[in-house]
2 protein chains.
Amino acid sequence: MKKETRKEEIIRVAAQLFKQKGYSAVTMRDLAKAMDMQAASLYNHINSKQAILQDIILEIAEAFTEGMNVVISESNSSVEKLNALIALHVRIAINNPEGLAALNTDWMHLEEKLDYYLQLRNDYENNFRAIIVEGIKNDELKPVDVEVILFSMLSTLRSLYLWIPKKDAIKRQQLLEDLTTVLIQGINK
Amino acid sequence: MKKETRKEEIIRVAAQLFKQKGYSAVTMRDLAKAMDMQAASLYNHINSKQAILQDIILEIAEAFTEGMNVVISESNSSVEKLNALIALHVRIAINNPEGLAALNTDWMHLEEKLDYYLQLRNDYENNFRAIIVEGIKNDELKPVDVEVILFSMLSTLRSLYLWIPKKDAIKRQQLLEDLTTVLIQGINK
DNA sequence: GTAACTAACTAACGATTGTTAGTTAATGGA
DNA sequence: TCCATTAACTAACAATCGTTAGTTAGTTAC
(Lines give C-alpha, C1' and ligand atoms only; values in the text may rest on other atoms or scores of the structure.)
Protein backbone atom coordinates (compact mmCIF):
# COMPACT_ATOMS: atom_id res chain seq x y z
CA MET A 1 0.00 0.00 0.00
CA LYS A 2 1.74 3.16 -1.22
CA LYS A 3 1.40 6.24 0.95
CA GLU A 4 -1.10 8.79 -0.23
CA THR A 5 0.35 11.99 -1.69
CA ARG A 6 -1.04 15.39 -0.73
CA LYS A 7 -2.57 15.69 -4.19
CA GLU A 8 -4.32 12.35 -3.86
CA GLU A 9 -5.60 13.38 -0.44
CA ILE A 10 -7.09 16.57 -1.88
CA ILE A 11 -8.80 14.64 -4.66
CA ARG A 12 -10.16 12.08 -2.21
CA VAL A 13 -11.58 14.76 0.08
CA ALA A 14 -12.97 16.64 -2.92
CA ALA A 15 -14.81 13.48 -4.00
CA GLN A 16 -16.39 13.25 -0.56
CA LEU A 17 -17.60 16.84 -0.77
CA PHE A 18 -18.84 16.38 -4.34
CA LYS A 19 -20.87 13.41 -3.16
CA GLN A 20 -22.50 15.48 -0.44
CA LYS A 21 -23.36 18.63 -2.39
CA GLY A 22 -22.39 18.16 -6.02
CA TYR A 23 -19.53 19.70 -7.97
CA SER A 24 -21.05 23.14 -8.53
CA ALA A 25 -22.05 23.68 -4.92
CA VAL A 26 -18.59 22.86 -3.55
CA THR A 27 -16.26 25.86 -3.49
CA MET A 28 -12.51 25.76 -3.37
CA ARG A 29 -12.83 27.38 0.04
CA ASP A 30 -15.05 24.49 1.19
CA LEU A 31 -12.41 22.07 0.01
CA ALA A 32 -9.64 24.06 1.66
CA LYS A 33 -11.52 24.11 4.94
CA ALA A 34 -11.98 20.34 4.81
CA MET A 35 -8.23 20.06 4.18
CA ASP A 36 -7.52 22.55 6.96
CA MET A 37 -5.64 24.99 4.75
CA GLN A 38 -6.17 28.14 2.68
CA ALA A 39 -7.90 27.93 -0.70
CA ALA A 40 -4.89 29.35 -2.49
CA SER A 41 -2.65 26.64 -1.05
CA LEU A 42 -4.60 23.97 -2.91
CA TYR A 43 -3.06 25.25 -6.12
CA ASN A 44 0.37 24.06 -5.03
CA HIS A 45 -0.97 20.55 -5.67
CA ILE A 46 -3.76 20.73 -8.21
CA ASN A 47 -4.20 22.77 -11.38
CA SER A 48 -7.87 23.67 -11.16
CA LYS A 49 -11.22 22.62 -9.75
CA GLN A 50 -12.09 21.22 -13.16
CA ALA A 51 -8.94 19.08 -13.18
CA ILE A 52 -10.02 17.49 -9.89
CA LEU A 53 -13.35 16.51 -11.41
CA GLN A 54 -11.59 15.04 -14.45
CA ASP A 55 -9.26 12.99 -12.28
CA ILE A 56 -12.13 11.55 -10.27
CA ILE A 57 -14.47 10.73 -13.13
CA LEU A 58 -12.09 9.54 -15.81
CA GLU A 59 -10.28 7.12 -13.52
CA ILE A 60 -13.55 5.34 -12.84
CA ALA A 61 -14.83 5.53 -16.39
CA GLU A 62 -11.64 3.91 -17.61
CA ALA A 63 -11.89 1.20 -14.95
CA PHE A 64 -15.34 0.32 -16.27
CA THR A 65 -14.06 0.20 -19.83
CA GLU A 66 -11.23 -2.09 -18.82
CA GLY A 67 -13.55 -4.29 -16.78
CA MET A 68 -15.96 -4.62 -19.68
CA ASN A 69 -13.14 -5.70 -21.98
CA VAL A 70 -12.11 -8.43 -19.56
CA VAL A 71 -15.70 -9.65 -19.24
CA ILE A 72 -16.17 -9.79 -22.99
CA SER A 73 -12.95 -11.67 -23.57
CA GLU A 74 -13.18 -14.12 -20.65
CA SER A 75 -16.78 -15.04 -19.89
CA ASN A 76 -18.71 -17.68 -21.77
CA SER A 77 -22.50 -17.65 -21.62
CA SER A 78 -24.49 -14.44 -21.64
CA VAL A 79 -25.70 -14.96 -18.09
CA GLU A 80 -22.12 -15.51 -16.98
CA LYS A 81 -21.18 -12.21 -18.59
CA LEU A 82 -24.02 -10.42 -16.84
CA ASN A 83 -22.95 -11.97 -13.54
CA ALA A 84 -19.42 -10.75 -14.14
CA LEU A 85 -20.71 -7.24 -14.89
CA ILE A 86 -22.71 -7.18 -11.66
CA ALA A 87 -19.55 -8.18 -9.80
CA LEU A 88 -17.61 -5.46 -11.63
CA HIS A 89 -20.07 -2.78 -10.50
CA VAL A 90 -20.11 -4.05 -6.93
CA ARG A 91 -16.31 -4.09 -6.81
CA ILE A 92 -15.91 -0.54 -8.09
CA ALA A 93 -18.75 0.73 -5.90
CA ILE A 94 -17.09 -0.72 -2.81
CA ASN A 95 -13.68 0.69 -3.70
CA ASN A 96 -14.81 4.18 -4.60
CA PRO A 97 -18.39 5.17 -3.72
CA GLU A 98 -17.52 8.89 -3.60
CA GLY A 99 -15.96 8.87 -7.05
CA LEU A 100 -18.98 7.05 -8.44
CA ALA A 101 -21.24 9.72 -7.03
CA ALA A 102 -19.32 12.36 -8.95
CA LEU A 103 -19.42 10.27 -12.11
CA ASN A 104 -23.16 9.73 -11.81
CA THR A 105 -24.28 13.23 -10.94
CA ASP A 106 -21.56 15.60 -12.15
CA TRP A 107 -20.34 14.19 -15.45
CA MET A 108 -22.12 17.02 -17.29
CA HIS A 109 -19.80 19.54 -15.66
CA LEU A 110 -16.81 18.09 -17.44
CA GLU A 111 -15.54 20.60 -19.95
CA GLU A 112 -12.73 19.57 -22.33
CA LYS A 113 -13.08 15.92 -21.35
CA LEU A 114 -16.85 15.71 -21.74
CA ASP A 115 -16.76 14.18 -25.23
CA TYR A 116 -14.21 11.61 -24.18
CA TYR A 117 -16.32 10.61 -21.18
CA LEU A 118 -19.46 10.32 -23.29
CA GLN A 119 -17.62 8.12 -25.75
CA LEU A 120 -16.52 5.75 -23.00
CA ARG A 121 -20.04 5.64 -21.58
CA ASN A 122 -21.61 5.01 -24.97
CA ASP A 123 -19.20 2.21 -25.74
CA TYR A 124 -19.90 0.64 -22.37
CA GLU A 125 -23.66 0.75 -22.86
CA ASN A 126 -23.38 -0.65 -26.36
CA ASN A 127 -21.33 -3.59 -25.10
CA PHE A 128 -23.81 -4.16 -22.29
CA ARG A 129 -26.70 -4.08 -24.74
CA ALA A 130 -24.98 -6.52 -27.09
CA ILE A 131 -24.62 -9.04 -24.26
CA ILE A 132 -28.35 -8.83 -23.51
CA VAL A 133 -29.27 -9.16 -27.18
CA GLU A 134 -27.04 -12.21 -27.44
CA GLY A 135 -28.66 -13.69 -24.32
CA ILE A 136 -32.12 -13.36 -25.80
CA LYS A 137 -31.01 -14.89 -29.10
CA ASN A 138 -29.38 -17.75 -27.16
CA ASP A 139 -32.65 -18.37 -25.36
CA GLU A 140 -30.86 -17.69 -22.08
CA LEU A 141 -32.97 -14.61 -21.33
CA LYS A 142 -36.67 -13.85 -21.60
CA PRO A 143 -37.64 -11.97 -24.78
CA VAL A 144 -38.37 -8.72 -22.94
CA ASP A 145 -37.54 -5.41 -24.62
CA VAL A 146 -33.76 -5.03 -24.62
CA GLU A 147 -33.82 -1.39 -23.58
CA VAL A 148 -35.96 -2.13 -20.53
CA ILE A 149 -33.59 -4.85 -19.34
CA LEU A 150 -30.59 -2.64 -20.01
CA PHE A 151 -31.97 0.39 -18.24
CA SER A 152 -33.25 -1.62 -15.31
CA MET A 153 -29.91 -3.31 -14.70
CA LEU A 154 -27.86 -0.17 -15.26
CA SER A 155 -30.08 1.92 -13.00
CA THR A 156 -29.62 -0.49 -10.15
CA LEU A 157 -25.91 -1.02 -10.71
CA ARG A 158 -25.21 2.69 -11.12
CA SER A 159 -27.00 3.47 -7.85
CA LEU A 160 -25.02 0.93 -5.83
CA TYR A 161 -22.71 3.62 -4.46
CA LEU A 162 -25.66 5.05 -2.54
CA TRP A 163 -26.34 1.85 -0.65
CA ILE A 164 -23.03 0.12 -0.29
CA PRO A 165 -21.59 2.49 2.34
CA LYS A 166 -24.36 1.32 4.65
CA LYS A 167 -23.26 -2.30 4.38
CA ASP A 168 -20.42 -3.71 6.43
CA ALA A 169 -17.82 -5.96 4.88
CA ILE A 170 -19.41 -9.20 6.02
CA LYS A 171 -22.64 -8.42 4.27
CA ARG A 172 -21.12 -7.50 0.93
CA GLN A 173 -20.68 -11.04 -0.32
CA GLN A 174 -24.32 -11.59 0.57
CA LEU A 175 -25.20 -8.39 -1.29
CA LEU A 176 -23.55 -9.67 -4.43
CA GLU A 177 -25.42 -12.97 -4.27
CA ASP A 178 -28.77 -11.39 -3.52
CA LEU A 179 -28.35 -8.73 -6.15
CA THR A 180 -27.60 -11.34 -8.77
CA THR A 181 -30.72 -13.26 -7.76
CA VAL A 182 -32.92 -10.18 -7.93
CA LEU A 183 -31.56 -8.87 -11.22
CA ILE A 184 -31.42 -12.19 -13.02
CA GLN A 185 -34.04 -14.48 -11.47
CA GLY A 186 -36.58 -11.91 -10.28
CA ILE A 187 -38.32 -11.81 -6.96
CA ASN A 188 -41.56 -13.64 -7.69
CA LYS A 189 -41.82 -17.23 -6.47
CA MET B 1 -56.76 22.36 -19.22
CA LYS B 2 -56.16 25.62 -17.36
CA LYS B 3 -53.82 28.08 -19.01
CA GLU B 4 -50.33 28.22 -17.57
CA THR B 5 -49.55 31.29 -15.49
CA ARG B 6 -46.30 33.16 -15.91
CA LYS B 7 -45.12 31.80 -12.57
CA GLU B 8 -45.84 28.23 -13.58
CA GLU B 9 -44.00 28.81 -16.84
CA ILE B 10 -40.92 30.03 -14.97
CA ILE B 11 -40.98 27.00 -12.68
CA ARG B 12 -41.39 24.64 -15.61
CA VAL B 13 -38.46 26.18 -17.49
CA ALA B 14 -36.39 26.18 -14.31
CA ALA B 15 -37.02 22.47 -13.90
CA GLN B 16 -35.74 21.88 -17.43
CA LEU B 17 -32.55 23.80 -16.67
CA PHE B 18 -32.11 22.05 -13.31
CA LYS B 19 -32.34 18.72 -15.12
CA GLN B 20 -29.58 19.73 -17.54
CA LYS B 21 -27.06 21.23 -15.13
CA GLY B 22 -28.33 20.85 -11.59
CA TYR B 23 -29.70 23.46 -9.22
CA SER B 24 -26.39 25.03 -8.16
CA ALA B 25 -25.05 25.44 -11.68
CA VAL B 26 -28.16 27.24 -12.95
CA THR B 27 -28.06 30.99 -12.32
CA MET B 28 -31.01 33.28 -12.22
CA ARG B 29 -29.53 34.94 -15.31
CA ASP B 30 -29.55 31.56 -17.09
CA LEU B 31 -33.20 31.17 -16.18
CA ALA B 32 -33.99 34.72 -17.27
CA LYS B 33 -32.30 34.15 -20.62
CA ALA B 34 -34.34 30.99 -21.18
CA MET B 35 -37.45 33.03 -20.36
CA ASP B 36 -36.25 35.86 -22.59
CA MET B 37 -36.30 38.49 -19.88
CA GLN B 38 -34.04 40.17 -17.33
CA ALA B 39 -33.04 38.33 -14.16
CA ALA B 40 -34.58 40.98 -11.95
CA SER B 41 -37.92 40.59 -13.71
CA LEU B 42 -38.23 37.02 -12.48
CA TYR B 43 -38.83 38.38 -9.01
CA ASN B 44 -42.15 39.84 -10.07
CA HIS B 45 -43.38 36.24 -10.16
CA ILE B 46 -41.26 34.15 -7.80
CA ASN B 47 -39.85 34.86 -4.35
CA SER B 48 -36.42 33.26 -4.64
CA LYS B 49 -34.39 30.61 -6.42
CA GLN B 50 -34.82 28.41 -3.37
CA ALA B 51 -38.62 28.77 -3.53
CA ILE B 52 -38.57 27.47 -7.10
CA LEU B 53 -36.72 24.35 -5.99
CA GLN B 54 -39.18 23.83 -3.16
CA ASP B 55 -42.15 24.13 -5.51
CA ILE B 56 -40.71 21.59 -7.90
CA ILE B 57 -39.59 18.99 -5.38
CA LEU B 58 -42.37 19.11 -2.80
CA GLU B 59 -45.14 18.84 -5.37
CA ILE B 60 -43.70 15.55 -6.55
CA ALA B 61 -42.80 14.25 -3.11
CA GLU B 62 -46.37 14.84 -1.99
CA ALA B 63 -47.72 13.10 -5.09
CA PHE B 64 -45.69 10.02 -4.17
CA THR B 65 -46.98 10.11 -0.62
CA GLU B 66 -50.54 10.35 -1.83
CA GLY B 67 -50.00 7.57 -4.36
CA MET B 68 -48.53 5.31 -1.71
CA ASN B 69 -51.53 5.85 0.54
CA VAL B 70 -53.90 4.87 -2.26
CA VAL B 71 -51.88 1.74 -3.01
CA ILE B 72 -51.84 0.66 0.61
CA SER B 73 -55.57 1.18 1.04
CA GLU B 74 -56.74 -0.31 -2.26
CA SER B 75 -54.47 -3.15 -3.39
CA ASN B 76 -54.78 -6.69 -2.13
CA SER B 77 -51.81 -9.03 -2.52
CA SER B 78 -48.25 -7.87 -2.05
CA VAL B 79 -47.42 -8.40 -5.71
CA GLU B 80 -50.47 -6.36 -6.67
CA LYS B 81 -49.22 -3.57 -4.45
CA LEU B 82 -45.80 -3.68 -6.04
CA ASN B 83 -47.38 -3.61 -9.48
CA ALA B 84 -49.38 -0.57 -8.45
CA LEU B 85 -46.22 1.15 -7.18
CA ILE B 86 -44.44 0.49 -10.47
CA ALA B 87 -47.39 2.05 -12.28
CA LEU B 88 -47.28 5.02 -9.89
CA HIS B 89 -43.63 5.70 -10.67
CA VAL B 90 -44.18 5.33 -14.41
CA ARG B 91 -47.13 7.71 -14.30
CA ILE B 92 -45.28 10.43 -12.40
CA ALA B 93 -42.14 10.00 -14.50
CA ILE B 94 -44.16 10.48 -17.69
CA ASN B 95 -45.96 13.55 -16.35
CA ASN B 96 -42.94 15.32 -14.93
CA PRO B 97 -39.51 13.97 -15.85
CA GLU B 98 -37.82 17.34 -15.27
CA GLY B 99 -39.22 17.71 -11.79
CA LEU B 100 -38.15 14.18 -10.92
CA ALA B 101 -34.62 15.03 -11.99
CA ALA B 102 -34.56 17.90 -9.51
CA LEU B 103 -36.00 15.69 -6.79
CA ASN B 104 -33.43 12.98 -7.40
CA THR B 105 -30.29 15.08 -7.72
CA ASP B 106 -30.98 18.38 -5.96
CA TRP B 107 -33.01 17.49 -2.87
CA MET B 108 -29.97 18.18 -0.68
CA HIS B 109 -30.08 21.83 -1.70
CA LEU B 110 -33.41 22.32 -0.02
CA GLU B 111 -32.98 24.57 2.98
CA GLU B 112 -35.95 25.15 5.32
CA LYS B 113 -37.91 22.33 3.68
CA LEU B 114 -35.16 19.73 3.80
CA ASP B 115 -36.39 18.02 6.96
CA TYR B 116 -39.93 17.88 5.65
CA TYR B 117 -38.76 16.32 2.39
CA LEU B 118 -36.63 13.74 4.21
CA GLN B 119 -39.57 12.81 6.37
CA LEU B 120 -41.76 12.19 3.32
CA ARG B 121 -39.03 10.14 1.68
CA ASN B 122 -38.43 8.07 4.80
CA ASP B 123 -42.11 7.34 5.23
CA TYR B 124 -42.35 6.31 1.59
CA GLU B 125 -39.39 3.94 1.85
CA ASN B 126 -40.72 2.43 5.07
CA ASN B 127 -44.07 1.73 3.46
CA PHE B 128 -42.35 0.23 0.42
CA ARG B 129 -40.21 -1.98 2.67
CA ALA B 130 -43.23 -3.14 4.65
CA ILE B 131 -44.92 -4.34 1.46
CA ILE B 132 -41.86 -6.38 0.52
CA VAL B 133 -41.58 -7.86 4.02
CA GLU B 134 -45.23 -8.80 3.87
CA GLY B 135 -44.70 -10.40 0.44
CA ILE B 136 -41.93 -12.59 1.75
CA LYS B 137 -43.96 -13.63 4.79
CA ASN B 138 -46.90 -14.42 2.46
CA ASP B 139 -44.66 -16.64 0.37
CA GLU B 140 -45.41 -14.41 -2.61
CA LEU B 141 -41.80 -13.28 -2.92
CA LYS B 142 -38.48 -15.07 -2.77
CA PRO B 143 -36.74 -14.83 0.63
CA VAL B 144 -34.00 -12.53 -0.66
CA ASP B 145 -32.67 -9.80 1.64
CA VAL B 146 -35.35 -7.12 1.92
CA GLU B 147 -32.94 -4.23 1.56
CA VAL B 148 -31.57 -5.60 -1.71
CA ILE B 149 -35.03 -5.95 -3.21
CA LEU B 150 -36.01 -2.51 -1.97
CA PHE B 151 -32.91 -0.77 -3.26
CA SER B 152 -33.00 -2.58 -6.58
CA MET B 153 -36.61 -1.65 -7.27
CA LEU B 154 -36.26 1.92 -6.03
CA SER B 155 -33.07 2.51 -8.02
CA THR B 156 -34.77 1.47 -11.22
CA LEU B 157 -38.01 3.30 -10.52
CA ARG B 158 -36.24 6.48 -9.43
CA SER B 159 -34.17 6.52 -12.62
CA LEU B 160 -37.17 6.21 -14.91
CA TYR B 161 -37.17 9.93 -15.66
CA LEU B 162 -33.87 9.50 -17.48
CA TRP B 163 -35.23 6.97 -19.94
CA ILE B 164 -38.87 7.80 -20.39
CA PRO B 165 -38.34 10.95 -22.46
CA LYS B 166 -36.79 8.72 -25.12
CA LYS B 167 -39.93 6.64 -25.41
CA ASP B 168 -42.90 7.72 -27.49
CA ALA B 169 -46.42 7.39 -26.17
CA ILE B 170 -47.15 4.15 -27.98
CA LYS B 171 -44.27 2.39 -26.34
CA ARG B 172 -45.08 3.49 -22.80
CA GLN B 173 -47.74 0.85 -22.17
CA GLN B 174 -45.21 -1.69 -23.37
CA LEU B 175 -42.64 -0.14 -21.04
CA LEU B 176 -44.90 -0.64 -18.06
CA GLU B 177 -45.52 -4.28 -18.92
CA ASP B 178 -41.88 -5.07 -19.61
CA LEU B 179 -40.71 -3.25 -16.52
CA THR B 180 -43.09 -5.23 -14.37
CA THR B 181 -41.81 -8.46 -15.88
CA VAL B 182 -38.19 -7.53 -15.33
CA LEU B 183 -38.62 -6.28 -11.78
CA ILE B 184 -40.94 -9.03 -10.58
CA GLN B 185 -40.26 -12.13 -12.68
CA GLY B 186 -36.59 -11.56 -13.55
CA ILE B 187 -34.98 -12.02 -16.92
CA ASN B 188 -33.69 -15.56 -16.71
CA LYS B 189 -35.66 -18.24 -18.55
C1' DG C 1 26.17 24.11 4.34
C1' DT C 2 23.74 25.52 0.80
C1' DA C 3 20.65 24.79 -3.00
C1' DA C 4 16.37 22.88 -4.38
C1' DC C 5 11.99 21.40 -3.26
C1' DT C 6 7.61 21.08 -0.71
C1' DA C 7 3.79 23.12 1.16
C1' DA C 8 1.96 26.47 3.44
C1' DC C 9 0.74 31.58 3.87
C1' DT C 10 -1.43 36.74 2.84
C1' DA C 11 -3.45 39.73 -0.31
C1' DA C 12 -5.83 40.61 -3.99
C1' DC C 13 -7.82 40.24 -8.95
C1' DG C 14 -11.92 40.53 -12.01
C1' DA C 15 -16.06 38.04 -12.74
C1' DT C 16 -20.29 36.36 -11.30
C1' DT C 17 -23.78 35.39 -7.75
C1' DG C 18 -28.81 36.13 -5.84
C1' DT C 19 -31.38 39.83 -4.91
C1' DT C 20 -33.42 44.71 -4.10
C1' DA C 21 -34.98 49.36 -5.32
C1' DG C 22 -37.23 52.22 -8.13
C1' DT C 23 -39.40 53.07 -12.54
C1' DT C 24 -42.27 52.45 -16.73
C1' DA C 25 -45.54 50.80 -20.18
C1' DA C 26 -49.57 48.12 -21.23
C1' DT C 27 -53.90 46.05 -19.92
C1' DG C 28 -58.63 45.38 -18.01
C1' DG C 29 -62.54 46.42 -14.93
C1' DA C 30 -65.53 50.02 -12.52
C1' DT D 1 -61.84 58.07 -17.41
C1' DC D 2 -59.53 56.51 -13.70
C1' DC D 3 -57.26 53.10 -11.03
C1' DA D 4 -55.21 48.83 -9.88
C1' DT D 5 -52.74 45.13 -11.64
C1' DT D 6 -49.36 42.84 -14.38
C1' DA D 7 -44.99 42.42 -16.09
C1' DA D 8 -41.32 44.20 -17.84
C1' DC D 9 -37.10 47.36 -17.41
C1' DT D 10 -32.25 49.69 -15.64
C1' DA D 11 -29.00 50.11 -12.14
C1' DA D 12 -26.83 48.59 -8.51
C1' DC D 13 -25.79 46.10 -4.04
C1' DA D 14 -22.82 43.12 -1.00
C1' DA D 15 -21.14 38.60 -1.09
C1' DT D 16 -18.79 35.02 -3.03
C1' DC D 17 -16.48 32.73 -6.87
C1' DG D 18 -11.97 30.45 -8.98
C1' DT D 19 -7.60 31.78 -9.43
C1' DT D 20 -2.90 34.29 -9.47
C1' DA D 21 1.17 36.58 -7.50
C1' DG D 22 4.53 36.84 -4.35
C1' DT D 23 6.47 35.30 -0.04
C1' DT D 24 8.04 32.27 3.77
C1' DA D 25 9.29 28.39 6.67
C1' DG D 26 10.66 23.64 7.00
C1' DT D 27 12.71 19.52 4.83
C1' DT D 28 15.69 16.89 1.80
C1' DA D 29 19.77 16.00 -1.43
C1' DC D 30 24.35 16.57 -2.54
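First the proteins, then the strands, lettered A, B, ... as listed; each starts at 1.
- Nearest to the side chain of A:Arg6, among C:dT19, D:dA7, C:dA7, sits C:dA7.
- Judged by distance alone, the side chains of A:Tyr116 and A:Gln54 never bring a donor and an acceptor atom under 3.5 Å apart.
- Rounded to whole Å, atom P of D:dA8 lies 7 Å from atom CD1 of B:Ile10.
- Of all the residues in residues 101-112 of chain A, not one reaches under 4.0 Å from DNA chain D with any non-hydrogen atom.
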Collect all protein-nucleotide pairs involving nucleotides 20-29 of chain C in which both atoms are nitrogen or oxygen and the distance is under 3.5 Å.
none

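- When atom types are taken as modelled, the side chain of B:Asn96 and the backbone of B:Ile92 share no donor-acceptor pair closer than 3.5 angstrom.
- For B:Leu42 and D:dT6, the CG to C1' distance is 15 Å, given to the nearest whole Å.
- Here the side chain of A:Lys81 pairs no donor or acceptor atom with the backbone of A:Val71 at under 3.5 angstrom.
- Defined by atom type and a distance below 3.5 Å, a donor-acceptor pair is present between the side-chain atoms of B:Thr156 and A:Thr156.
- Between the NZ atom of B:Lys21 and the C1' atom of C:dT17 there is a distance of 13 Å, rounded to whole Å.
- When the shell of 6.0 Å around CD of B:Glu62 is examined, it contains more than 12 heavy atoms from other residues, nucleotides or ligands.
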Checklist line | Audit row: A:Leu82, A:Ile131, side-chain contact (heavy atoms from CB on, under 4.5 Å) steps and yes/no | finding: CA-CA 8 Å; A:Leu82 292 181; A:Ile131 292 171; 3.8 Å; yes
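- In terms of modelled atom types and a separation under 3.5 Å, the side chain of B:Lys113 and the main chain of B:Asp55 share no donor-acceptor contact.
- By the 4.0 Å N-to-carboxylate-O rule, A:Glu134 lies too far from A:Lys137 to be salt-bridged with it.
- Side chain of B:Gln50 to backbone of B:Glu111: a donor-acceptor contact under 3.5 angstrom is found.
- For the pair B:Gln38 CD and D:dC9 P, the interatomic distance rounds to 5 Å; values are reported in whole Å.
- More than 12 heavy atoms of other residues, nucleotides or ligands sit less than 6.0 Å from atom CD of A:Glu125.
- Between A:His45 and the phosphate of C:dT6, there is no side-chain N or O to OP1/OP2 separation shorter than 4.0 Å.
- Using a 4.0 Å cut-off on heavy atoms, the residues of residues 29-37 of chain A that approach DNA chain C are A:Arg29, A:Met37, listed by number.
- At least one donor-acceptor pair closer than 3.5 Å links the side chain of B:Lys142 to the backbone N or O of A:Gly186.
- The side chain of B:Lys49 sits closest to C:dT19 out of C:dT19, D:dC9, D:dA8.
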